[in-house]
Number of protein chains: 2
Amino acid sequence: MSTRRPVRHATTARRTPTPELLGLVAGRFRALGEPARLGILHALEDGPLSVTALVARTGLGQANLSKHLQQLHSAGFVSRTRRGMFVDYALADERVLHLCELMCGRLDDDLAASRAVMAPQRRSA
Amino acid sequence: MSTRRPVRHATTARRTPTPELLGLVAGRFRALGEPARLGILHALEDGPLSVTALVARTGLGQANLSKHLQQLHSAGFVSRTRRGMFVDYALADERVLHLCELMCGRLDDDLAASRAVMAPQRRSA
DNA sequence: CAACCGTATGCCGATATGGTTATACCGTAC
DNA sequence: GTACGGTATAACCATATCGGCATACGGTTG
């Protein structure tokens, strides 16, 4: 259960990553590089939801949503479980949230920095 | 200078991120969602490099590389510094490496998992 | 069985993106 | 000043992606 894990992994050696590995990693990042998909992940933070529930929660069209879910699933960010006629999607694990938090941290810093540049001597506005 | 920082930030509140925020975060992830750009970041791990040096290091075309660098710079992942006729690019900070490490960790786990599914009872092949 | 509901998929148009070529920009050196 | 090297930008093409519509698939209910 520990989220404490070594940062260096077996197939992820430090030396010159192969083009295939770069492609795989890039594909993962690209799966997160879409506002709609980030919104889906956010909606799933509170627990699993069916496609219909996600339609209501995110405002996306059903077909569109289904395709985004497919991509998130292929990238390993969400799991799918049949429940009767429904299909529940859930966050595969919490690491994706960690990724988003890190990215948001960067964003905050940059926004603060650009704010400081835009108005170096003003108070807040 | 500390890389130790709280995970929750001012403008990154937990409640229903605005579409603008989702777009900003997605843009950051998308900047990493390209093998060529990941290769550039990897090349910069050992220190700053000029565009010409990066051309040699990555094998990308000069114009193409310049555009990728522009995107990485806009996303805040690299810094640019003029040095005579050259322009040196460098990793803006180490957090981007942390992001890649996290993503590679996920990837490793998933590859191991799929390997286990493909050959549940075989030794290694 | 048929009817129905939830989900996935195929097709389409609009738009975005990556890569190449040619060229403009900006320093430096002569 | 001109000539030249390094970098950025513009124009272009090919391809990928998103979103919507229609429809097919799968499971449930009667």
Side-chain angles (χ1 to χ4, degrees), chain A residues 19-20 22-44 47-90 92, chain B residues 19-20 22-44 47-90 92:
Chain A
E20 296 81 40
L22 287 181
L24 286 172
V25 177
R28 297 294 177 101
F29 276 121
R30 186 175 310 188
L32 300 183
E34 180 67 31
R37 287 192 285 270
L38 292 180
I40 293 170
L41 294 175
H42 175 75
L44 293 176
L49 290 174
S50 67
V51 176
T52 301
L54 279 169
V55 167
R57 189 82 164 64
T58 64
L60 298 172
Q62 184 267 322
N64 192 19
L65 180 55
S66 190
K67 280 189 280 192
H68 282 307
L69 286 170
Q70 168 103 1
Q71 294 184 244
L72 288 172
H73 183 66
S74 299
F77 291 125
V78 301
S79 61
R80 65 156 49 100
T81 310
R82 284 214 76 101
R83 178 175 52 86
M85 279 192 309
F86 297 82
V87 175
D88 285 345
Y89 284 88
Chain B
E20 297 82 40
L22 288 180
L24 287 172
V25 177
R28 298 296 178 97
F29 277 120
R30 186 175 310 183
L32 300 182
E34 180 67 33
R37 287 192 286 271
L38 292 180
I40 293 171
L41 294 175
H42 175 74
L44 294 177
L49 290 175
S50 69
V51 176
T52 302
L54 279 170
V55 167
R57 189 83 165 63
T58 63
L60 298 172
Q62 184 267 319
N64 191 18
L65 180 55
S66 191
K67 281 194 289 188
H68 283 307
L69 286 170
Q70 168 102 1
Q71 294 183 244
L72 289 172
H73 183 66
S74 299
F77 290 126
V78 301
S79 62
R80 65 156 49 101
T81 309
R82 282 215 77 102
R83 177 175 51 86
M85 280 191 307
F86 297 81
V87 175
D88 285 345
Y89 283 88

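By convention in this document, chain letters (A, B, ...) are assigned in the order of the sequence lines, proteins followed by strands, and residues within each chain are numbered from 1. These numbers come from the heavy atoms of this one structure, side chains and all, not from hydrogens, waters or symmetry mates.
- Side-chain atoms of B:S66 do not come within 3.5 Å of backbone N or O of B:Q62 as any donor-acceptor pair.
- When all heavy atoms are compared, the tightest approach of B:G76 to B:A92 is O-CB, 3.2 Å.
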Each nucleotide of nucleotides 22-30 of chain C classed B (base within 4.0 Å of a protein heavy atom), S (only sugar-phosphate) or -, in 5' to 3' order, makes B----BS--

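- Residue B:S66 is in base contact, counting any heavy-atom pair closer than 4.0 Å across all strands shown.
- The side chain of B:T52 has D:dT7 as its nearest neighbour among C:dT9, C:dA8, D:dT7.
- Heavy atoms of B:R80 sit under 4.0 angstrom from primed sugar atoms or phosphate atoms, though from no base atom.
- Considering only side-chain N and O atoms, A:R83 lies nowhere under 4.0 angstrom from the phosphate OP1 or OP2 of D:dG27.
- Taking the nucleotide of DNA chain D with the nearest heavy atom to each of A:E34 and B:D88, the more 5' of the two is matched to B:D88.
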From CA spacing to verdict: side-chain contact (heavy atoms from CB on, under 4.5 Å), B:L69, B:V87: CA-CA 11 Å; B:L69 286 170; B:V87 175; over 6 Å; no

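- Side-chain N or O atoms of A:R28 include one that pairs as donor or acceptor with a backbone N or O of A:A75 at under 3.5 Å.
- Using a 4.5 Å heavy-atom threshold, the side chains of B:L32 and A:V25 count as separate.
- Looking at heavy atoms from C-beta onward, A:L49 lies out of side-chain contact with A:I40 at the 4.5 angstrom threshold.
- Among the heavy atoms of the strands lying under 4.0 Å from A:R30 are primed sugar atoms or P, OP1, OP2 only; no base atom is included.
- For a distance-only test at 3.5 Å, the side chain of B:K67 qualifies as a donor-acceptor partner of the base of C:dG19.
- At the phosphate of C:dG18, OP1 or OP2 sits under 4.0 Å from a side-chain N or O atom of B:Q71.
- One finds no side-chain N or O of B:Y89 lying less than 4.0 angstrom from the OP1 or OP2 phosphate oxygen of D:dG6.
- Comparing B:F86 and A:H68 along DNA chain D, the residue whose closest nucleotide (by nearest heavy atom) sits nearer the 5' end is B:F86.
- Of the candidates C:dG18, D:dT7, D:dG19, D:dT7 carries the atom nearest the B:S50 side chain, counting heavy atoms from C-beta on.
- Smallest separation of non-hydrogen atoms from A:A31 and A:R37: O-NE, 2.7 Å.
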